[in-house]
2 protein chains.
Amino acid sequence: MSTQAAPDLSTRERIAVTAARLFSEHGFAGVSMRDIAEAVGVKAASLYNHFDDKESLYFAALAQAFDHPIRLVDQALQAPGTPRQRLTGLVTALVEAVAGDPVSARLLQRELVDGGPGRMERIAQELMRPPFDRIKAVLSELAPALDGGRVAAYLIATVHGYLSLLPLVPMLDSGLTTDPGQFAEDLSGELLAWLAGRQR
Amino acid sequence: MSTQAAPDLSTRERIAVTAARLFSEHGFAGVSMRDIAEAVGVKAASLYNHFDDKESLYFAALAQAFDHPIRLVDQALQAPGTPRQRLTGLVTALVEAVAGDPVSARLLQRELVDGGPGRMERIAQELMRPPFDRIKAVLSELAPALDGGRVAAYLIATVHGYLSLLPLVPMLDSGLTTDPGQFAEDLSGELLAWLAGRQR
DNA sequence: GTCTATAGCCGGATAGAC
DNA sequence: GTCTATCCGGCTATAGAC
């Protein structure tokens, strides 16, 4: 509970990073200002010198947490290669961005289920839309016969759904891998089969 | 907040139904015993005559909520028709079971993100596994060339992912429908394209 | 099996010294 | 900008009358 994310951050940043982790683990209602303060190593009252209230702190934590996975996907989108390589690279990056960053993944899961329309709108416009549009553009290029937005939506839905359901997978004898890297490979193959089936 | 689920249920059942709705809306930590009691129309202390503690009540609410969608899917699995019709019927039933029953859908979403391994195991074995195995069996029959478990897992992941992400869909210009019925049709078509791509 | 009353604890937020 | 001290309300759960 006392993991220092990095020693050279401002107190405000340390609070946001720590809060993101705690909120991802226990949800908004499950984390108290006292919990956050203790994990950061300050007193609860000091948090109010950096954030107006618990909700402001929560937003800052969200924005902080989503920054890294978005960068990861953007890098994959800019990588060169054959269309097949670029598609596989994108799928792999998406899977890794989610599977490799449980903090942001769980925050998104939680936000999807209990964020009000206002919070959802802000997250969509400020955080999700730019990377989504870039994914869309690249998929339109890689599969010109189909609608890039729909392909992107199916891809993201499948990745998100699989990783959300991951705790259930080993308990249900589905024959599906629990290894994200292997899943990325697997899904890339199925995606190509789908696109092939659509174009014949 | 005072919706009576049905007038002819035992007090215990009325508590479970009401609690399921509240937990689905606000999460375990976001619902107090007082909230549940008020919505049911009794005093908080009376809840303890029916359930040992808050967690026992929560489990009962889960089991109650999952009962209906599971029946719905089972009905679709038993329906006759051509393989294509049966596949479309299964996809439609799955989508409807989730989209048409927000209470159980949201409870599952919440449980996937903050249920510990113990709770997850119990849900998997007692509630999810029987219907999953039946879906698996039917898909093995409908697409004999592929592994039924894997097809089932991809199907469920996509349905679950799409419906989880539904709040984001209209905000992201994805070209994907927000109507669950149309999505079921759409997904059935894509599923057939996928299977076609895999078998050629 | 329901109620009133309450114990005992924890929640967010603030005041004011330093 | 951090601290100590505190307000005040909500939380789970129990005791005991009816």
Side-chain angles (χ1 to χ4, degrees), chain A residues 1-2 4-62 64 107 110-111 114-116 118-119, chain B residues 1-2 4-62 64 107 110-111 114-116 118-119:
Chain A
M1 276 291 191
S2 65
Q4 305 294 342
D8 57 344
L9 294 175
S10 71
T11 301
R12 192 190 148 94
E13 285 169 323
R14 283 196 302 128
I15 293 169
V17 170
T18 303
R21 178 174 54 82
L22 291 176
F23 283 133
S24 77
E25 288 168 357
H26 305 111
F28 183 82
V31 177
S32 70
M33 295 296 270
R34 284 174 168 87
D35 292 334
I36 298 167
E38 189 182 359
V40 173
V42 298
K43 298 298 171 183
S46 300
L47 300 178
Y48 292 89
N49 290 316
H50 301 277
F51 302 94
D52 286 346
D53 52 23
K54 191 184 178 185
E55 192 135 342
S56 302
L57 169 50
Y58 180 71
F59 278 121
L62 277 189
Q64 194 282 325
L107 283 171
R110 292 189 184 278
E111 203 51 29
D114 58 26
R119 272 196 342 212
Chain B
M1 275 296 188
S2 65
Q4 304 294 343
D8 57 342
L9 294 175
S10 70
T11 301
R12 191 190 150 93
E13 285 168 323
R14 285 194 303 124
I15 294 169
V17 170
T18 304
R21 178 174 55 81
L22 292 176
F23 283 133
S24 78
E25 289 168 356
H26 308 292
F28 183 81
V31 176
S32 69
M33 296 297 269
R34 284 173 169 89
D35 293 335
I36 298 167
E38 189 183 359
V40 172
V42 296
K43 297 298 170 185
S46 300
L47 300 178
Y48 292 89
N49 289 317
H50 301 277
F51 302 94
D52 285 346
D53 53 24
K54 192 184 178 185
E55 192 135 342
S56 302
L57 169 48
Y58 180 71
F59 278 122
L62 277 189
Q64 193 282 325
L107 282 172
R110 292 188 184 278
E111 203 52 29
D114 59 25
R119 279 209 320 227

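To find a chain, count down the sequence lines: A is the first, B the second, and so on, and within it residues start at 1.
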For this session: Indicate the ring-plane relationship of A:Tyr58 and A:Phe28, choosing parallel, tilted or perpendicular according to the 30° and 60° boundaries.
Result: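 Ring orientation, 0 to 90° scale: perpendicular.
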For this session: Kindly say whether A:Glu38 contributes a backbone atom to a donor-acceptor pair with the side chain of A:Asp35 at under 3.5 angstrom?
Result: no
Problem set entry | Donor-acceptor pair, side chain of A:Arg110 and main chain of A:Glu25, under 3.5 angstrom |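 Yes: the side chain of A:Arg110 pairs with the backbone of A:Glu25.
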Problem set entry | B:Met33 vs B:Asp53 side-chain heavy atoms within contact, under 4.5 Å |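 Contact flag for B:Met33/B:Asp53 side chains = no.
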For this session: First locate atom CD1 of A:Ile15, then atom CG of A:Leu57, and finally report the distance between them rounded to the nearest 0.5 Å.
Result: 7.0 Å
For this session: Heavy atoms under 4.0 Å is the rule here; annotate nucleotides 4-16 of chain D 5' to 3' with B where the base is hit, S where only the sugar-phosphate is, and - elsewhere.
Result: B------BBBBB-
Exercise. Rounded to whole angstroms, how far apart are NE2 on A:His50 and P on C:dA13?
Worked result: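 About 16 Å, once rounded to whole Å.
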